[in-house]
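In what follows, a structure is listed as structure tokens, so that the remarks can point back to it.
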Amino acid sequence: MNREELMQILPHRDVMLLLDEAEVIDGVAHGKLKITGDEWFLKGHFPEEPIVPGVIQCEILAQSTCVLLQDAIADSPNGVRTLYTGLNNVKFRKPVRPGDEFRTECVIVKQKAPFYFASGKGYVGDTLCISAEFSFAVQKL
């Protein structure tokens with residue numbers, strides 16, 4: 001999925017759509033975002049040595065995982081809202097910097113509608129930068 005296709009399932013727009021592309025392969029959501037250095041969150045974090053804030057990395061993981069929730073989303077003709085409900089065991093291992101291509105691998109590990117539990121990892125190249133467990137509630141509109 002490219003950005004236009006992602007906007008069909010994600011409510012995020014403009015600077016808060018944090019994926020360039022995403023796809024599902026064998027039940028794993030793979031997302032990508034090229035960090036250009038012009039992102040709004042890098043302007044103050046940190047001016048002399050910009051790194052992607054951890055909370056932004058967590059949001060990128062969440063947006064990637066929403067690609068896996070397409071079936072739950074498609075079952076609601078009036079749309080849904082996907083809400084973060086929790087983050088656990090988040091570990092930051094390496095900074096993500098301008099020029100990096102940040103890629104994600106996320107899976108749903110459990111579901112009890114309307115709640116979905118996932119785990120994800122974020123990489124630059126083959127280097128693990130973040131790992132986390134998180135949960136969502138899918139709310140019909």
Just by modelled atom types, is the Phe115 backbone N or O under 3.5 Å from a matching donor or acceptor in the Lys110 side chain? no
N/O donor-acceptor pair under 3.5 Å between Gln63 side chain and Gly31 backbone: no
Answer yes or no: does atom CZ of Arg81 have more than 12 heavy-atom neighbours from other residues, nucleotides or ligands under 6.0 Å? no
Centre-to-centre under 6.0 Å for Tyr84 and Phe136, is that the case here? yes
Can you check whether Val67 reaches Leu6 side chain to side chain, under 4.5 Å on heavy atoms? yes
Please report the C-alpha distance between Glu23 and Met1 in whole Å, then the side-chain angles of each, then the deciding distance to 0.1 Å, and finally whether the side-chain contact (heavy atoms from CB on, under 4.5 Å) criterion is met. CA-CA 6 Å; Glu23 64 181 333; Met1 298 181 149; over 6 Å; no
Do His30 and Ile25 come within less than 4.5 Å of each other through their side chains, counting heavy atoms only? yes
Any chance you could lay out the side-chain contact (heavy atoms from CB on, under 4.5 Å) test for Leu10 and Thr82, step after step, and finish with the verdict? CA-CA 8 Å; Leu10 293 172; Thr82 305; over 6 Å; no
Rounded distance (nearest 0.5 Å) linking atom NZ of Lys32 with atom OH of Tyr123: 14.0 Å
Is it true that Arg103 and Glu105 make a salt bridge, defined as a side-chain N closer than 4.0 Å to a carboxylate O? yes
N/O donor-acceptor pair under 3.5 Å between Thr85 side chain and Ser135 backbone: yes
Going only through I, L, V, M, F, W and Y residues with side-chain contacts under 4.5 Å, is there a path from Leu83 to Ile56? no
Can you name the closest pair of heavy atoms from Cys129 and Phe102 and give their distance? CB-CE1, 4.4 Å
Test your reading of the model: is there a side-chain donor-acceptor pair from Gln111 to the backbone of Ile108, 3.5 Å cut-off? no
Is a side-chain donor or acceptor of His45 paired with a backbone partner of Val52 at a separation under 3.5 angstrom? no
Any side-chain heavy-atom pair of Leu18 and Phe41 under 4.5 Å: yes
Considering residues, nucleotides and ligands other than Lys94, do more than 12 of their heavy atoms fall under 6.0 Å from its NZ? yes
Nearest heavy-atom contact between Glu48 and Pro50 is C-CD, 3.9 Å
Going only through I, L, V, M, F, W and Y residues with side-chain contacts under 4.5 Å, is there a path from Val109 to Leu61? no
What are the two closest heavy atoms between Gly37 and Pro98, and how far apart are they? CA-CB, 3.7 Å
Reported CG-to-CD distance for the pair Leu33 and Glu59, which is rounded to 0.5 angstrom: 11.5 Å
Atom pair OG1/CG of Thr127 and Asp100 - distance to nearest 0.5 Å: 9.5 Å
Return yes if some donor-acceptor pair links the side-chain N/O of Asn2 with the main-chain N/O of Glu4 below 3.5 Å, else return no. yes
With hydrophobic residues grouped by side-chain heavy-atom distances under 4.5 Å, do Val28 and Phe134 end up in a single group? no
Given Lys121, which of Ile130, Val107, Thr104, Leu128 fulfils the side-chain contact (heavy atoms from CB on, under 4.5 Å) condition? Leu128
Ignoring hydrogens and angles, tell me if any N or O in the side chain of Glu133 forms a donor-acceptor pair with the backbone of Val90 under 3.5 Å. no
Val15-Leu19 co-clustered via ILVMFWY side chain contacts under 4.5 Å: yes
Can any side-chain N or O of Glu5 pair as donor or acceptor with the backbone N or O of Arg3 at less than 3.5 Å? no
Heavy-atom nearest pair, Ala29 first then Leu68, reads CB-CG, 3.7 Å
What do the steps show when you test Arg97 against Ile35 for side-chain contact (heavy atoms from CB on, under 4.5 Å), and what is the final call? CA-CA 7 Å; Arg97 303 180 183 282; Ile35 307 299; over 6 Å; no
Considering all heavy atoms of both residues, which atom of Ile51 and which atom of Pro95 are nearest to each other, and what is their separation? CG2-CB, 3.9 Å
Considering non-hydrogen atoms only, spot the tightest contact between Cys58 and Phe92 and give its length. SG-CZ, 4.4 Å
